[in-house]
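Below you'll find the structure, written out as structure tokens, and then a few comments.
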Amino acid sequence: MAIDPTPLPESAPSWFTPKRLLVFFCFINMLNYIDRGAISTNGVNGSPRSCTESNVCSDGSGIQGDFDLSNFKDGILASAFMVGLLIASPIFASLAKSINPFRLIGVGLSVWTLAVVGCGFSVDFWSITICRMLVGVGEASYIGLAAPLIVESAPVSQRTVWLGIFHMSIPIGVAVGDVYGGLVGTGLGWRYAFFGEAILMLPFAILGFVMKPLQMKGMSNAKIIPWFLNEEVSKKDSSYVSYTSNLLSRFGQDMKALLSEKVYVVNILGYIVYNFVFGVYSYWGPKVGYNIYQVDNVDLLFGGIVIVGGIVGTIGGSVILDHINSTISNAFKLLSIATFFGAIFCFSAFCFSSIYVFLVLILIGEILVDATQGPVNLVCLHSVKPSLRPLSMAISTVAIHIFGDVPSPPLFGILQDKVDNWRTSILILTSILFLSAGIWFIGIFLHSVDRHEEDSEHLETRVEQPDMTPLLLESEVANGDITSALL
């Protein structure tokens, strides 16, 4: 039976425009990555306990020193969030078809806030590891929903730029986290860094529960889940068992459709390899820089490089792709070229002993590799049907983490323990970027179809809405102003 489109509520707040929606997602994404950056810093992560040949021992500092962690266990802290992300991402993406996305985000961000508070109160390796797992649940709540909502809200000619702005919050967040973690961890102690993050995220968690409902293209949002996440309960189907069965069946069908898209799969494979390298850069970067160049303020230097590289690279790559026509083929061309030359500059940077030459080359390399953020996510969204977008982003995030930046920090720790040479270890790691460029180069020659405006597959409960326009933007498009549409 067809269901009429849900009309825009008359009480929808006039201040909540697409641009402010973009800002909302940028802030929560940036806070998530501030946490990632902070836990990798010398101020928060610290240094291990050590003893000299004359049996003079130091207590170490930060998390690693307080809990007496090896490099391997320390690397696990960078990866533990993946457990929560892996379990929760597909669940949140599937529930988005029937639940108001902001309610899901509110739940996830509440878990995230409590989890980082738990990190601050942790007493040993296992307690902080469990809390890092729960941090992944919080990220899962928005990572698959943010990009589809942003793309549907953005002006057609600026979709890549808007995606670029959203993903620009990743390097900026890591960079701010480097500075934040270094200052707070050194000045007040590593536990206070986590408490500060929780205070900053709390307003966004509350906002997720009070926002008006949103309708994504290709989603029914039939409100069939009986609980506080919905405003009403369907009389037709209130059975938890029946709903769970239908959800699992639908998830299996969606996964089969998603993995049948060769363009999507190749894009994710390149992104996995890319993330394998940058997982090490973001977690071990400050320590690598300190041990190679013996610079005390390395947290600030790396933070500055990541910020400049992230802003210039992400926006630059997105603007270039929109300028040359944001097709899937052009996106792959930009991905392969930028990553190839970025790998050359990053590799060359670690070959020089001069800190000044290193800083110049690594900055250029960062700009080039960060130019991939807009294009790679545009391919994820445009190579699948609208109804698969949340799942495509969720699986993309799970894949790049579970095969990329989750195993790479502990593996790099093992490599460094065996090689015992920071420069050699980081050069071996950086060379892997060339493989990522090669995989994306293959994507140029694949037959690609832009599915952004395709009808969604027939849902059991179908929402009748125009093919070309996100539901809640109709009234504004009629007035010729999509950028000021209310959500």
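Just so you know, residue 1 is the first one in the sequence shown, and it goes up from there. Note: hydrogens, waters and symmetry copies are ignored here, and every other heavy atom, side chains too, is used.
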What is the distance from atom CD1 of Ile130 to atom CG of Leu134, rounded to the nearest 0.5 Å? 8.0 Å
For Pro148 and Pro390, the nearest pair of non-hydrogen atoms, with its separation, is CG-N, 3.9 Å
Note: Ile362 and Ile305 closest approach over all heavy atoms is CG2-CD1, 3.6 Å
Gap between atom CG of Leu361 and atom CD of Glu366 - 0.5 Å precision: 12.5 Å
Sequence neighbours excluded, the answer for side-chain contact (heavy atoms from CB on, under 4.5 Å) partners of Val369 is Tyr274, Phe278, Leu433
Determine whether Thr327 and Asn330 satisfy the following criterion, side chain to side chain donor-acceptor pair (under 3.5 Å), listing intermediate values before the conclusion. CA-CA 5 Å; Thr327 63; Asn330 284 342; 3.3 Å; yes
Considering all heavy atoms of both residues, which atom of Leu85 and which atom of Thr397 are nearest to each other, and what is their separation? CD2-CG2, 3.7 Å
So do the side chains of Leu334 and Trp440 get within less than 4.5 Å of each other, counting heavy atoms only? no
Decide yes or no for Leu368 and Thr339: does some side-chain heavy atom of the first lie under 4.5 Å from some side-chain heavy atom of the second? no
Applying salt bridge (Lys or Arg N to Asp or Glu O under 4.0 Å), which residue pairs with at least one partner in residues 132-151 are found, sequence neighbours left out? Asp35-Arg132, Arg36-Glu139
Within the 4.5 Å heavy-atom criterion, are Gln373 and Phe166 side-chain neighbours or not? no
Side-chain (Asn325) to main-chain (Leu321) donor-acceptor, under 3.5 angstrom: no
For the pair Ile442 and Phe332, evaluate side-chain contact (heavy atoms from CB on, under 4.5 Å) and give the outcome as yes or no after the intermediate values. CA-CA 8 Å; Ile442 294 173; Phe332 275 124; over 6 Å; no
What residues form a ring-ring contact (aromatic ring centres under 6.0 Å, His included) with Phe403, not counting sequence neighbours? none
Student check: side-chain heavy atoms of Ser436 and Tyr271 closer than 4.5 Å: no
Between Ser348 and Phe345 (side chain of the first, backbone of the second, donor and acceptor by atom type, cut-off under 3.5 Å), is there such a pair? no
Look up atom SG in Cys26 and atom CD1 in Ile150, then write down how far apart they are to the nearest 0.5 Å. 6.0 Å
Heavy-atom closest contact (Gly317 atom, Pro375 atom, distance): O-CG, 4.4 Å
Is a side-chain donor or acceptor of Asp254 paired with a backbone partner of Leu388 at a separation under 3.5 angstrom? no
When you measure from the side chain of Arg103 to the backbone of Gly208, do you find a donor-acceptor pair of N or O atoms at a distance under 3.5 Å? yes
Could you tell me if the side chain of Asn267 sits less than 4.5 Å from the side chain of Cys380, heavy atoms only? yes
Would the distance check show the side chain of Ser141 and the main-chain N or O of Gly138 forming a donor-acceptor pair, the cut-off being under 3.5 Å? yes
Which residues pass the side-chain contact (heavy atoms from CB on, under 4.5 Å) test with Pro407, sequence neighbours left out? Phe276, Leu411
Separation of Ser383 OG from Leu258 CG (nearest 0.5 Å): 8.0 Å
Please walk me through it: do Leu429 and Tyr281 pass side-chain contact (heavy atoms from CB on, under 4.5 Å)? CA-CA 9 Å; Leu429 185 279; Tyr281 274 17; 3.9 Å; yes
Report yes or no: does Thr314 contribute a side-chain atom to a donor-acceptor pair with the main-chain N or O of Ile311 at less than 3.5 Å? no
Output all residues satisfying side-chain contact (heavy atoms from CB on, under 4.5 Å) with Ile337, sequence neighbours left out; order by chain, then residue number. Phe341
Would you indicate whether the side-chain heavy atoms of Asp405 and Ser408 approach each other to under 4.5 Å? yes
Is there a side-chain contact between Ser89 and Ile395 (heavy atoms, below 4.5 Å)? no
For Phe204, enumerate each residue passing the side-chain contact (heavy atoms from CB on, under 4.5 Å) test, keeping only those at least two apart in sequence or located in another chain. Phe24, Phe27, Ile28, Leu31, Leu109, Met201
Could you walk me through whether Tyr264 and Val379 pass side-chain contact (heavy atoms from CB on, under 4.5 Å), step by step? CA-CA 7 Å; Tyr264 175 82; Val379 174; over 6 Å; no
I would like to know whether Val210 and Leu207 meet side-chain contact (heavy atoms from CB on, under 4.5 Å); could you show each step before the answer? CA-CA 5 Å; Val210 300; Leu207 198 59; 4.0 Å; yes
Between the side chain of Trp284 and the main-chain N/O of Phe412, is any donor-acceptor distance below 3.5 Å? no
Interatomic distance, Ser326 atom OG to Leu378 atom CG [nearest 0.5 angstrom]: 5.5 Å
Non-hydrogen atoms of Val116 and Ala198 that approach each other most closely: CG2-CB, 3.6 Å
To the closest 0.5 Å, what do you measure between OG (Ser110) and CG (Leu202)? 8.0 Å
Are Val280 and Ile426 side-chain neighbours, meaning at least one heavy-atom pair lies under 4.5 Å? yes
Minimal heavy-atom distance between Val44 and Gly181, with the atoms involved, is CG2-O, 3.6 Å
